[in-house]
Amino acid sequence: QVQLVESGGGLVQAGGSLRLSCAASGRTFRRYGWFRQAPGKERVFVAALYWSGGTTNYAESVKGRFTTSRDNVENTVYLQMNSAKPEDTAVYYCAADSSYRNIYSQYYDYWGQGTQVTVSS
């Protein structure tokens, strides 16, 4: 059955880098997204991509620092986090969409369980 398995979370110092992975099982998906939720705050959009074509979209807060990409062989989506800031601390979630919904859409069919990212200062 459909399952999104996240990994790569952990502790990183400010200015450092971290790569999150989201392995999709059961089927392929058309659109993937990354979201995060900081303590006491609502879940917010981080990045999105289309599997075919490679079109991406990023939140203004992470542009120039984060990059999302995919590996066709491993059927895995990545979120490369560079120049990490303490405000990036949050639980990060990957999401998958079965259709080519508008890349700006916040709706996804499936969600992962989340992985904690902590950026120390």
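Given the structure is predicted, the values throughout are model-derived calculations rather than measurements.
- Alongside Val12, the hydrophobic cluster contains Val2, Leu4, Leu18, Leu20, Phe29, Tyr32, Trp34, Val46, Leu49, Trp51, Tyr58, Val62, Phe66, Val77, Leu79, Met81, Tyr92, Tyr110, Val117, Val119 (criterion: ILVMFWY side chains under 4.5 Å).
- Ser17 meets the side-chain contact (heavy atoms from CB on, under 4.5 Å) test with Gln80, Asn82; sequence neighbours excluded.
- Counting side-chain heavy-atom gaps under 4.5 Å among Ile, Leu, Val, Met, Phe, Trp and Tyr, Tyr107 is found in no cluster with other residues.
- With hydrogens and angles disregarded, no donor-acceptor distance shorter than 3.5 Å links the side chain of Ser21 to the backbone of Ser7.
- Closest approach of Glu74 and Thr76 over heavy atoms only: O-OG1, 3.0 Å.
- Relative orientation of the Phe45 and Phe35 rings is perpendicular, given thresholds of 30° and 60° on the angle between their planes.
- In terms of the side-chain hydrogen bond (donor to acceptor under 3.5 Å, both in side chains) criterion, Tyr78 has no residue partners (sequence neighbours excluded).
- For the side-chain contact (heavy atoms from CB on, under 4.5 Å) test, no residue two or more places apart in sequence or in another chain qualifies with Gln113.
- Of all the heavy atoms in Ile103 and Thr56, the pair that sits closest is CD1-C, 3.8 Å.
- The side-chain hydrogen bond (donor to acceptor under 3.5 Å, both in side chains) test applied to Asp71 returns no partner, not counting sequence neighbours.
- Residues in residues 38-52 take part in no salt bridge (Lys or Arg N to Asp or Glu O under 4.0 Å) pair, two or more places apart or across chains.
- The side-chain contact (heavy atoms from CB on, under 4.5 Å) test applied to Ser99 returns Asp97, Arg101, not counting sequence neighbours.
- Residue Tyr104 comes nearest to Asn57 through the heavy atom pair CD2-ND2, 3.3 Å, listed as atom of the first residue, atom of the second, then distance.
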TODO: Check the pair Arg31, Ser105 against side chain to side chain contact (heavy atoms under 4.5 Å, CB included), reporting the backbone distance first and the verdict last.
DONE: CA-CA 10 Å; Arg31 186 173 67 112; Ser105 175; 3.9 Å; yes
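- Every salt bridge (charged side-chain N to carboxylate O under 4.0 Å, His left out) that Arg65 has, sequence neighbours left out, goes to Asp88.
- Interatomic distance, OG1 of Thr115 versus OH of Tyr93, reported as 10.0 Å (0.5 Å rounding).
- With sequence neighbours excluded, the residues satisfying side-chain contact (heavy atoms from CB on, under 4.5 Å) with Gln116 are Thr89, Val91, Thr118.
- If you take CZ on Arg19 and OG1 on Thr67, they are separated by 12.0 Å, rounding to the nearest 0.5 Å.
- Shown here is Gln13, whose CD atom has no more than 12 heavy atoms of other residues, nucleotides or ligands within 6.0 Å.
- Every residue meeting the salt bridge (charged side-chain N to carboxylate O under 4.0 Å, His left out) condition with Lys63, not counting sequence neighbours, appears here in chain and number order: Glu60.
- Scanning both residues, Leu11 and Ser120, for their nearest heavy atoms gives CD1-CB, 4.2 Å.
- Ser52 pairs by the side-chain hydrogen bond (donor to acceptor under 3.5 Å, both in side chains) definition with Tyr100, not counting sequence neighbours.
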